[in-house]
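First up is the structure itself, then whatever we jot down about it.
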Amino acid sequence: MSVEFCGLTLAHPVINGSGTFDAIAAREVFGEELRERFPFAAYVSKTITLAPRAGNPPPRLWEASAGLINSIGLPNKGLDGYLREDLPKLAELLAGVADGAHGRAPVPLITNVMGASADELAQLLQACEERPEIAALELNVSCPNVDTGLDIGADPGQLERVVRAVRASTRKPLIVKLTPNTADVAACAIAAEHGGADAVSLINTLRAMALAPGAGAAWLGAGTGGLSGPAIRTVALAQVAAVAARVSIPVIGMGGVRSAADAQDLLDVGATLVAVGTESFRDPAAAARIARELARDPRSKTAAAGRAA
Ligand code: RRO
């Protein structure tokens, strides 16, 4: 069932979406069992920024029909705090995870970073470049550019310029996490590829809003948030298909995946890996179940390869 991705060998094609599984907190709750049954073939960190951030005012979550709106607002310890406190814990956890297929192998760590300018992003990438515990980097480009005010990932020209400007800051695989809140996601994916990205991942959450019952005013402290979960699955499928048809770099597909059939749909339209996000909040072991079922799914190429071996 193993999959090659940007020079990394993964035990299976299922990873997590950034910010949807706190591995350090899960280790505290589940103990050594988390390592014995680690659900993901690679682990993507939550988004890290240069400076620490407190996040958005509450409320931060709204349960929508078949989905979840979040406006967490990037609470994180900042680059230094991540490198000093979280990275050693993550590396220790991910070293020697029992993956079922290969005995014990380290699970690659993908660190997700966000900056409001190419300069900030370059600083983040350069600092991560020096840390061997980090296997690959993911750029979260759902962030307003400090100069233009426009989300970096929403405009192909701006995205290509930023990716090109930061590309030389790291030799590690560079994944660009695309935003779905744009007119033409395939044009943005092509721009990321032209800028030097090694892979793209999509979709991030769709901008959304909910009103407090009876109040006629926004429920979320930040006013709006991002919609995830089954409500966005068919949007994700359309966007992943559009992107995979237009780029030659690998695509990580995500958006509302709850089952192996959902994951297989994304693989069928051209994704190399699939990420599970919102479903992990309901069932932290969902990704392991999906990976197991994918291996048995008769539609699955990875299952067919496993049977032929
Ligand atoms: O932290 C968040 O509120 C957040 C981020 Br950075 C993101 O990329 N996507 C999302 O749904 N929430």
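When a ligand or atom number is given, it counts from 1 through the structure's own listing order.
A donor-acceptor pair shorter than 3.5 Å can be found between the side chains of E138 and S201. Using modelled atom types and a 3.5 Å distance limit, the side chains of D151 and S142 yield no donor-acceptor pair. Side-chain atoms of S45 and N112 include no donor-acceptor pair closer than 3.5 Å. With no hydrogens or angles considered, a side-chain donor-acceptor pair links T148 and Q158 at under 3.5 Å.
Taking 4.5 Å as the limit, every side-chain heavy atom of Y43 sits out of range of all side-chain heavy atoms of I15.
Within 4.0 Å of ligand 1, counting heavy atoms only, the contacting residues are N70, S71, I72, G73, L74, N140, N204, T205.
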Practice problem: For side chain to side chain donor-acceptor pair (under 3.5 Å), just list the numbers for E193 and S248, CA-CA rounded to whole Å, side-chain angles, deciding distance to a tenth of an Å, and then say yes or no. | Solution: CA-CA 8 Å; E193 182 176 25; S248 50; 2.6 Å; yes
